[in-house]
Structure formats: structure tokens, C-alpha cells
Trainee: 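Pasting a structure below so you can have a look.
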Amino acid sequence: MSEKWQCDMTTDLVTDVPLGQLLVQRGVLSEADLDRALTWQADHGHQHLLGEVIQRLELATEEEVVRSLAESYGVPFVSSVAKTADPAVIELLSRAFIEEHRVLPLFLVRGVLTVAVIEPSNLFLAEEMARISGHEVQVVAATRTEIENAIRSWLPAANVFVIDDIYEDIAEEDFSVIEREATELADLEEVAGHGPVVKLVNYIIFTAVQEGASDIHIEPEDHRLRVRYRVDGRLYEKLSPPHRMHAAIASRIKIMSNLDISERRVPQDGDFNVMMEGRPIDLRVSTMPGKYGEKVVIRIIDSRNSRLSLDQLGFGPQTLEAWRDIVSHPNGVVLVTGPTGSGKSTTLYSVLSEINSDDKNVSTIEDPVEARIPGVNQAQVNVKAGFTFAGALRSMLRQDPDILMVGEVRDGETAAIVTQAALTGHLVFSTLHTNDAPSAVTRLVNLGVEPYLVAATLRGVLAQRLVRKICPHCKAKAEPDERMVAMIRASGGDPEAVWSGSGCGRCRGTGYAGRIGVFELLAPDADLLEAIASGESLQALRTRLAEGGFRTLREDGWEKVAAGLTTPEEVLCAASQ
């Protein structure tokens, strides 16, 4: 046992008072409660520890018992083990040791390893951890529940990969183990399992999730390999590993996503999971053969980014009120439109989270399921198995649903079933790929839905885009040109209140941090529904809407410019999509 450890424990150990009396002294238990617990313990042959008995009889919580023990021994108490743990130090103790003794290494500072334990008085356990880890050990107390939950988070089942070995910097010499381009299957499997390859792939994924990236692009070029992240809708180069690493990196990702590493002539799709900060991250992998080797794209689906309330999406007060009125209808079709990556799924998840309740059966059909919503029945299509949107929707209608969400209306068959579901009393949410809200009407007609049925079922259409927000750390006043000034004034904004980001370290020099929605909401009234039923053209519908004061995407964007949330360039870019 190290001198440091001996000093800590002999100094901090302040009491030999039995647990029961200790809890009484600290006001956690009354004398009567203690007598009751001791009697129960005796009646059951002393087969249970007193702390367990106290919790079983609900005389005190697990936290109250452990916190009192920690205070009596002068040991800190940790209430959130999973959030405190550093994944880079967990490997200092073996998985078997951690699971057997219910301990968890938290962090290593100046050669002292801090470990969460259930029993802070166990000197022999602390000595063993110091011997195994090779570091001085300082214990902190935590409840068994907290430690076990943290162990499940950081050491999950074998089919989930855990990011637990991240290097801040990866020196080029780390890659020297790979001397040649592997061409044989056995070689690929071997190099894909080498430490530097695993660490590099882990680093790429870990930093991408940390920086809020939605996609990772691993792109081989002639004598060069680059890794790019898509953050806030824009790609930027993160690092450029040695070109000879490409085959090993691609093979490592294929192994993780259960793809065929020997097949490099055709595209492949797969997926796998990682755990970060106690939450699962879904990763969808796509490979594509190219001139210089396979390009690998990893789509990051972080459920944390999909759990936003409607108030956080960027709606103006009037638009939000009207949108909430639309989604509260008992039946009908509600559509969200926009290009890929415009935030449609996030908006629908926010809606379902808000309107879901115990007295409703809410079901979804998605491709893929991007976030889990408590209390909602979610299904994922599988085209290869014949489980399509249309087929899944037919089956789900036999499941007694109240509210349905169909990931996308892609064909006439799905559009027809969605319409029939709305006519039979269901509220159906879905998405369409159209440039604006009015175009959704003609899109449904083009898919084969009769105009009168569109008019009978359509409750509202929300078109949206995402624009980058100005970085708050480098935000400064800007001077727009005359054209911009005119546009801002036309939207009712103040051209003197235009801001931009000058670029700083926190926003990677872009001047932007995060994104916000720009919306236009079509809430059809009786006159518009009559026009839709009569088959009016798209241009006629747009003219009718403009005369009625319909607010377009661009107008909503200019309001956000005037509010200092985004820049004119972002609005012009979004409105042109």
C-alpha cells in the first residue's frame, strides 16, 4: 500500500460508530426506526446487512445511507458517477474486476486514481486497486445503483462498441505499424485490429459526436486521405491521416458495422452503435467504390439532438400558435416539407413528444428511427424484407392507432393509404420533398390523390429550412449592402440591426455556431380548400396565398436577420434551396 494512501485513510477515518447509531446521530433515523430495523434483521437470522434492511423497510434511501457513511469516513460522495467518469481511465482496472467489486475508475490526476466504491471503509479493496492500476488510489463513495448504472453505460453488451481509448493527438509514428497496403482478407482483418487503427477510428467518431457533426466523410484521394465532418450543414476537413491507413480504417469500420471486408467492388450499407456520456449513438455506414479506393460515410444519429421542444426550434410566436392549433386536430393529414437535412424529422419528433399522452396510441413508421420517444410505438421499414412504408402502414392501421407518423410519402400507394387513414379518423403526420408549402398540394395530386380528397384531409403544411446561427462569442455589427437593406426593409426588419460573426476558435473561424429553423406555414381556410378541391394550379394557389398575407420562408428568414440570429447570406442560401 502506498504511503499516500495510508496517510489519506488514517487521517480521514474518524469514527468506529456502528452504522445504525451513525444514522441516528445524523438525524437520518430515529431511535424507534433503528429498533425496528434491528428487530427485522434479527427475525430474519441476520442474513441481511443493516443498510439493506433500512432500505428494504424504506426508513432511509440508499443515498442517505451511503452519504452518511462517506461523511463519517471523511470520503467525498459522488451523486452522478456516469457523468463524472473519464472513459480514458476505465481500462486501468479490468472489466472482470470492475463487475466483481462494483467499483468504477473516475479520473487520474497527477498520478492519483480516483475510484467510486460502495464501501469506503474497505482498505483491502483500495490496496488491491492501487496494486493493479500502478497508481495511488483515492476512493469516493457512491450508491450501488449509481455505480451499476455507470458500469452498464461504460461497459455495455459485447455488440455495442464503447469509445474508451481516445488520444488527444495521434502522432504519425503511431501508424508505422502498417507498412503496406493490405490486399488479402487475413491481412485486412489483422491490420484493422491493430491498436493505432482502433484508436484512430475511435478518435474520429468521438470527436465528431463531441463537435455535433451529423456526418463523417472518409475520402481517399491520389496519395492523400482526408476526413471531413459535416457540422451545421457544412463540411470541413478535420484531419488527414497517412494515405496507407485507408484500407485498414475502412476495414475497421466495416468490421464494426458487420459488412463484408473482402468486397470492395460494390456499395455496402451497415450500422453499429457506440456509447458516449452514458447514451447510445447510432451510426449508419455507407461505402462506395471510387477511383482511389472506397469512400466511407458515417451518418451520426444522436438522439440528444432530436429531443427539442417546439419552443426551441425557432418558430415565431404567431407561427408557433398556428402550428400547435394544426397539430391538435383529431384527424387529417399534416405535412412537413423541405430538402434532405432541413430538420423535418426533428420537428416531427418535437410534435409527437408534445402531443403524446397515456390515452393515445401514437405509432410511427420510419426509415431510419432516428430517436426513441418514450411512450411512442416506433417501427423501422426494411425494404429488403418487403416491409415498406405502404405495407407497414396497412399493418399499423390494424393496431388501433390514434396518431400516425409516416417517415415520408414517396409513392402513390403510400399517399393513398395516408389519405384513407385520415378520412377514417386518424391524425397522420408525414414529410414530402417539396421546395415550399403550396407545392405539397400539387405533389399529392401528382402522386394520384384526387384534389377533393386533398382538400378533405389536409390540415396544414409546414415548409422549413435550417440556417446557421451567428456565433455569440464573435458576434459583431455588420453593414449590409443596398440590396440587402432593401430586402430587410421589405420584410419589416431594421437594416441597422444586422450582425455577423467575425470568426473565433469556438466556431472554428466560421462565425457560426448551431442552427435554427426558418418556416412558412400553410393553414388552409375554407376558400383555399375550395380552390384545392376545384383543382386550381400551383401558381393560382400561390397568388391567392400572397393576397391573403401568407408569410414565406424568405420573409421569416429576414425577420431572424433583423433579430440578430443569422446573416442575410444564410437566408438567401436557404431560400434558394
Side-chain angles (χ1 to χ4, degrees), residues 232-234 310-323 326 334-344 346-347 431-443 460-470 475 477-501 510-525 528 536-577:
D232 294 337
R234 303 294 195 277
L310 289 176
D311 301 289
Q312 296 174 289
L313 299 182
F315 285 101
Q318 293 180 339
T319 306
L320 180 58
E321 182 181 356
W323 178 237
I326 288 172
V334 179
L335 299 172
V336 180
T337 74
T340 300
S342 59
K344 301 186 297 295
T346 300
T347 298
T431 69
L432 278 177
H433 286 286
T434 62
N435 290 330
D436 57 17
S439 298
V441 174
T442 54
R443 175 64 176 153
V461 183
L462 180 75
Q464 67 177 71
R465 301 289 189 277
L466 292 176
V467 295
R468 292 182 293 175
K469 294 192 294 184
I470 299 171
K475 186 175 180 180
K477 275 288 186 70
E479 295 183 5
D481 57 29
E482 293 182 2
R483 177 169 169 265
M484 292 290 186
V485 169
M487 290 180 175
I488 295 169
R489 282 177 175 161
S491 69
D494 181 4
E496 300 297 326
V498 177
W499 300 76
S500 66
T510 64
Y512 298 96
R515 291 192 288 178
I516 192 171
V518 175
F519 305 96
E520 68 176 30
L521 179 60
L522 171 59
D525 56 17
L528 184 62
E536 276 196 11
S537 67
L538 176 59
Q539 187 56 47
L541 292 177
R542 284 178 175 156
T543 301
R544 184 185 293 271
L545 286 168
E547 292 173 350
F550 178 68
R551 287 174 46 79
T552 65
L553 281 166
R554 180 169 294 193
E555 289 171 337
D556 188 48
W558 289 128
E559 276 203 1
K560 289 179 170 61
V561 168
L565 296 174
T566 189
T567 63
E569 292 78 12
E570 280 294 296
V571 172
L572 289 175
C573 180
S576 64
Q577 293 178 347

Trainee: Out of curiosity, Trp558 CH2 to Leu553 CG, how far, rounded to the nearest 0.5 Å?
Mentor: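 Trp558 atom CH2 to Leu553 atom CG measures 13.0 Å (nearest 0.5 Å).
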Trainee: Test Leu538 against Val441 for side-chain contact (heavy atoms from CB on, under 4.5 Å), laying out the working first.
Mentor: CA-CA 8 Å; Leu538 176 59; Val441 174; over 6 Å; no
Trainee: To the nearest 0.5 Å, what is the distance between OG1 on Thr431 and CG on Leu462?
Mentor: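 Result: 12.0 Å between the selected atoms.
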Trainee: What closest approach, in Å, do Gly564 and Lys475 show between heavy atoms, and which atom pair accounts for it?
Mentor: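 What the structure gives for the nearest pair is O-NZ, 2.9 Å.
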Trainee: Between Lys560 and Glu570, is there a side-chain N and carboxylate O pair less than 4.0 Å apart?
Mentor: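 Between Glu570 and Lys560 there is no salt bridge, as every charged N stays at least 4.0 Å from the carboxylate O atoms.
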Trainee: Let me see the working for Lys469 and Tyr512 under side-chain contact (heavy atoms from CB on, under 4.5 Å), right down to the final yes or no.
Mentor: CA-CA 5 Å; Lys469 294 192 294 184; Tyr512 298 96; over 6 Å; no
Trainee: Show the numbers, then the answer: is there a side-chain contact (heavy atoms from CB on, under 4.5 Å) between Leu521 and Phe315?
Mentor: CA-CA 10 Å; Leu521 179 60; Phe315 285 101; over 6 Å; no
Trainee: Please report the shortest heavy-atom distance between Pro524 and Gly460, naming the atom on each side.
Mentor: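 Answer, listing the atom of Pro524 first, then Gly460: CD-CA, 4.1 Å.
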Trainee: Do Leu572 and Arg554 have side chains that approach each other closer than 4.5 Å (heavy atoms only, starting at C-beta)?
Mentor: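 When only atoms from C-beta onward are counted, Arg554 and Leu572 do touch, with a gap below 4.5 Å.
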Trainee: Minimum heavy-atom separation for Gly341 to Leu466, with atom names?
Mentor: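 Here Gly341 and Leu466 meet closest at O-CD1, 3.6 Å.
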Trainee: Locate the shortest heavy-atom distance separating Ala440 from Leu335; write the atom from each residue and the value.
Mentor: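 Looking at all heavy atoms of both residues, the shortest contact is CB-CD1, 4.2 Å.
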Trainee: Roughly how far apart are His433 NE2 and Ser439 OG, rounded to 0.5 Å?
Mentor: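 If I round to the nearest 0.5 Å, the distance is 14.0 Å.
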Trainee: Rounded to the nearest 0.5 Å, how far does OG of Ser342 lie from CZ of Arg515?
Mentor: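 Result: 9.0 Å between the selected atoms.
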Trainee: Looking at every heavy atom in both Thr337 and Lys344, which two are closest together, and how far apart are they?
Mentor: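 Where Thr337 meets Lys344 most closely, the heavy atoms are C-CD, 3.6 Å.
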Trainee: Please evaluate residues Asp556 and Glu520 with respect to the criterion side-chain contact (heavy atoms from CB on, under 4.5 Å), reporting the C-alpha separation (whole Å), side-chain torsions for both, the decisive distance (0.1 Å), and the verdict.
Mentor: CA-CA 7 Å; Asp556 188 48; Glu520 68 176 30; over 6 Å; no
Trainee: So do the side chains of Arg542 and Asp436 get within less than 4.5 Å of each other, counting heavy atoms only?
Mentor: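 They are in side-chain contact.
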Trainee: As an exercise, state the distance from CG of Leu545 to CG of Leu522, rounded to the nearest 0.5 Å.
Mentor: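 Spacing of CG (Leu545) from CG (Leu522) equals 5.5 Å.
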Trainee: For the CD1 atom of Ile516 and the OG1 atom of Thr566, what is their distance to the nearest 0.5 Å?
Mentor: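 So the gap between those two atoms works out to 8.5 Å.
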Trainee: Between Phe550 and Glu555, which heavy-atom pair has the shortest distance, and what is it?
Mentor: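 Looking at all heavy atoms of both residues, the closest pair is O-OE1, 3.6 Å.
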Trainee: For the residue pair Trp323 and Thr347, establish whether any side-chain heavy-atom pair is separated by less than 4.5 Å.
Mentor: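 Sidechains of Thr347 and Trp323: in contact.
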